[in-house]
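Single-structure report; data block below.
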Amino acid sequence: MMLNLQIARMIAVRVASALATMLLVSIVVFAANFLMGGDVAEAILGQSATPEAVAGLRRAMNLDQPAYQRYLSWLFGLLAGDPGNSLINNMPVLDLIGPRLSNSLLLAGLTALVSVPVALVLGIAAATWRGSAFDRTISLVSIGIVSVPEFLVATLAVLVFAVMLHWLPALSSTRDIDSLSALLRVFAMPVLSLSCVIIAQMIRMTRAAVVDALASSYVETARLKGAGPVRIVLRHALPNAIGPIASAVALSLSVLMGGVIVVEIIFNYPGVAKLMVDAVATRDMPLVQTVAMIFCSSYLVLVTTADIIAILANPRLRHR
Amino acid sequence: MIGGVPSVSRRDVVRLLAAGGVATVLPGALAGCGVSDPRPPVKGGRLRVATNNSSTADTLDPAKQAVATDYCRCHMFYNGLTSLDEHSRAQLALAESIESRDATVWTVKLRRDVRFHDGKKLTADDVVYSLRRHADPAVGSKARVFASQFAEIRAMAPDEVRITLIAPNADLPVILGINNFQIIRDGTTDFTTANGTGPFRCKEYTPGVRSVSVRNEDYWRRPPHLGEVELFAIADENARVNALLSGDVDLINAINPRITKQLRRAGLEIFESKSGGFTDLVIRLDQAPGHNPDFVLGMKYLLDRATMRNAIFRDYAMLANDHPIPPTNPYFNPDLPQRPYDLDRARFHFRRAGLLGATVPIVTAPPAEKSDDIAVLMQASARKAGLNLDIRRVPADGYWANHWMKVPVGFGNVNARPTADIIFTQFFKSDAPWNESGWKNERFDRLLLEARADRDEGRRRAIYQEMQRMIHAQSGVGIPLFISTLDAHSPRLKGMRPMPQGGLMGGAFAEHVWLEDA
């Protein structure tokens, strides 16, 4: 009862602060877009942007309205469920985002599916046998991998598996997927490139959290009671380490929405990160704002989920 | 094949006038596909093409097309009244004839066997709508400058349009062959798909993602060989090349000259299109230090064209002589001596300008192709001639709006233009929108109008050659080289022919090529 109430209260507070955060973010992004200089009329005309052509196009696109007015009309549109049309190609922003968001979610989901279990198992194992050759190997390898930028992993993977061996396609198109093996072929390299970096991060955080818990007095007690090392880790240390681990996992996964631009470009994978880059390059305000809201809310959802997991896993709360 | 289509070049207009308005039919100047390949074209198959540039700004509106990706798509879906051949001459396309007695009032007769993809017959109303909309700033047309010459566009009959110009221009048939003047259906405002008269129908299109086109079996010319074309962009050059090497795509554009050897070794074919495009040194004549003619001349002598051609472009470029007319153009002036790379003369002029030992900033950016490499070579030469060039690299974003034509010394990039008149009008006339160096010369402006209205080919050539001499000597623009456009493709792709309009056959490849093993 107490637990449910606490979670309910936390969620309510979180949702309220999330909405406030998103409002703030939307204002900051709009201001940044404004400060960047240039506008969509100049972007459309490019080299042929003569002053009078730009002026005419601005008038036609209502860009001569005051900035706050354009911001408010976008905001009210969003609240009504319609963030408007892209300024650059006049298509509904939702139509542009829809398929690419599901692509991004698919890639992020598959990467999480692969990387989280691997990272947790290796991290916990390293903590259990800390100081052993196994632990030191894991630490060394994960530091090594975390220092290799993902574009290098991705480019090398393409060179080896696509260009030299011809095992995998160099490009990842979700349209080519008609079977499980096709799914594996299409996603093997992008998921590998993304996993490398975030697995290494998560291993290190997981190991640190479990090692921390193992140093506590209740683990000492359990050890004195004669519990074996595996039981000590799984039964006593891990439940207390789940909170920090969940936060670490959430942080690592939050990168998978907006932060995968390199992988999207190398594998020509149409996700939301490239969409955001396009939108910023063309000063496409409604699209920039809406994608920013998606990044912001996905981050907030992940962090809130991590907090809820931490509360649920905390033995002191659970056994009350 | 477009062989057998009547041709309208400026010569024909002249002859057409002499003959009293009877169109002259020439044998088609476009060579038939497969001349270089003994085996006949194969029908069918799906071609995957990766270009270098695609974003949410992709467009199927002919008026707005701006990058290679747009050109390729629009060429698949639309036709113009004319199209440009390998000599940049106009060939009739949707127009059956184009005639004028005075080069001011033009009568365009339309073909009667042309239908849009939705089945509607092509009529004069479609042409009037397509040409008139360029004047509306809300359309954001890239060809607005050309359209400003149209005084009136009227439908005279269902298959006849009359175009009246504000002043005589014998080049109108060529202008109508510019991509942006492709014909759309009367009243079209929605460009989420394409409804044109072109060789392919639009099956799928998402800006910034890809397009899929399928053969238009009812095409008014011979339908294309390819069954389907998937077109998307891979902006990253390495990724684009890797996709070709791995066989994921069969044709890519914008190849760096550096990797041509590697691609050849891998059994791929390099496709060079010699064109009149260039990256130019731009010195503002209305600002210091460019207001001093000695500085400008000294800078032009710093251009080590031979080294640039070899080291930066691996010989995929032609020497230029500080004016915009390439040697392949019939109006090229062969008598104008090539300006040499001469450090002594550069030093002499810098001394006269009082700039020996001075430091001058020079702005480079990625959109001005290879400007950085060119500036680095110039910097080394300048040091030897007693001038310090301080290279300032600025980002691509906002370059055209914020830096180009504003900084005292910088770079521009100009795509090939089909006629001498167009390039002079757009870039060198005193009131040209892109008079990059701010060069003003009344005599040049007068000569330009004189040549435009003149029907005598010999006099026109003499005038254009004189104009080249004037730009070479006086303008603030230094043009070191004409840069070839490089594409690469797998050997199974056949039928590619270089066009001066740019890479990928000026964007028109899809109608002409085939897959050998389709």
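Proteins get letters first, then strands, A, B, ... in listed order; numbering begins at 1 in each.
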Counting only heavy atoms not in B:K406, do more than 12 fall under 6.0 Å of its NZ?
yes
Using heavy-atom distances under 4.5 Å, tell me whether A:T282 contacts chain B through its side chain, its backbone, both, or neither.
side chain
Contacting moiety of A:R283, where chain B heavy atoms sit under 4.5 Å
side chain
Proximity breakdown for B:N238 and chain A, heavy-atom pairs closer than 4.5 Å:
neither
Using non-hydrogen atoms and a 4.5 Å limit, figure out which bit of B:F232 sits close to chain A: side chain, backbone, both or neither.
side chain
A:L168 CG to B:S246 OG distance, which is reported to the nearest 0.5 Å:
10.0 Å
Highest number of heavy-atom pairs under 4.5 Å with chain A among B:A66, B:P433, B:A233 belongs to B:A233
Heavy-atom distance under 4.5 Å to chain A: side chain of B:V145, backbone, both or neither?
neither
Applying a strict 4.5 Å limit to non-hydrogen atoms, the region of A:R58 in contact with chain B is neither
At their closest point, which heavy atom of A:G56 faces which heavy atom of B:P137, and how far apart are they?
CA-CB, 3.6 Å
Could you tell me which portion of A:V158 (side chain, backbone, both or neither) has an atom closer than 4.5 angstrom to a non-hydrogen atom of chain B?
side chain
Measuring heavy-atom distances to chain B, does A:L287 have an atom under 4.5 Å in its side chain, in its backbone, in both, or in neither?
side chain
At a heavy-atom separation under 4.5 Å, does A:P169 approach chain B through its side chain, its backbone, both, or neither?
both
Please determine whether the number of non-hydrogen atoms from other residues, nucleotides or ligands lying under 6.0 Å from atom CZ of B:R264 exceeds 12.
yes
Check A:N268, A:I266, A:I265 against B:I234 for a side-chain contact (heavy atoms from CB on, under 4.5 Å) and give me the one that passes.
A:N268
First locate atom CD1 of A:I88, then atom OG1 of B:T56, and finally report the distance between them rounded to the nearest 0.5 Å.
6.0 Å
Residue selection (most heavy-atom pairs with chain A, distance under 4.5 Å) from B:N413, B:T206, B:L245, B:D248
B:D248
Atom CG in B:D61, atom CG in A:N89: separation rounded to 0.5 Å?
11.5 Å
Where does A:L57 contact chain B at under 4.5 Å (heavy atoms): side chain, backbone, both or neither?
both
Among A:A154, A:A41, A:A170, which residue has the highest count of heavy-atom pairs closer than 4.5 Å to chain B?
A:A170
How long is the span from the OG atom in B:S55 to the NZ atom in A:K274, to the nearest 0.5 Å?
6.0 Å
Is B:F191 atom CZ crowded by more than 12 heavy atoms from other residues, nucleotides or ligands, each under 6.0 Å away?
yes
Pairwise side-chain contact, A:L171 with B:V249, heavy-atom cut-off 4.5 Å (strictly under):
yes
All heavy atoms of B:T192 vs all of A:M91, minimum pair found to be CG2-CG, 3.7 Å
Side-chain touch A:P99/B:V209, heavy atoms, less than 4.5 angstrom
no
Interchain contact, B:E204 with chain A, by part (heavy-atom threshold 4.5 Å)
side chain
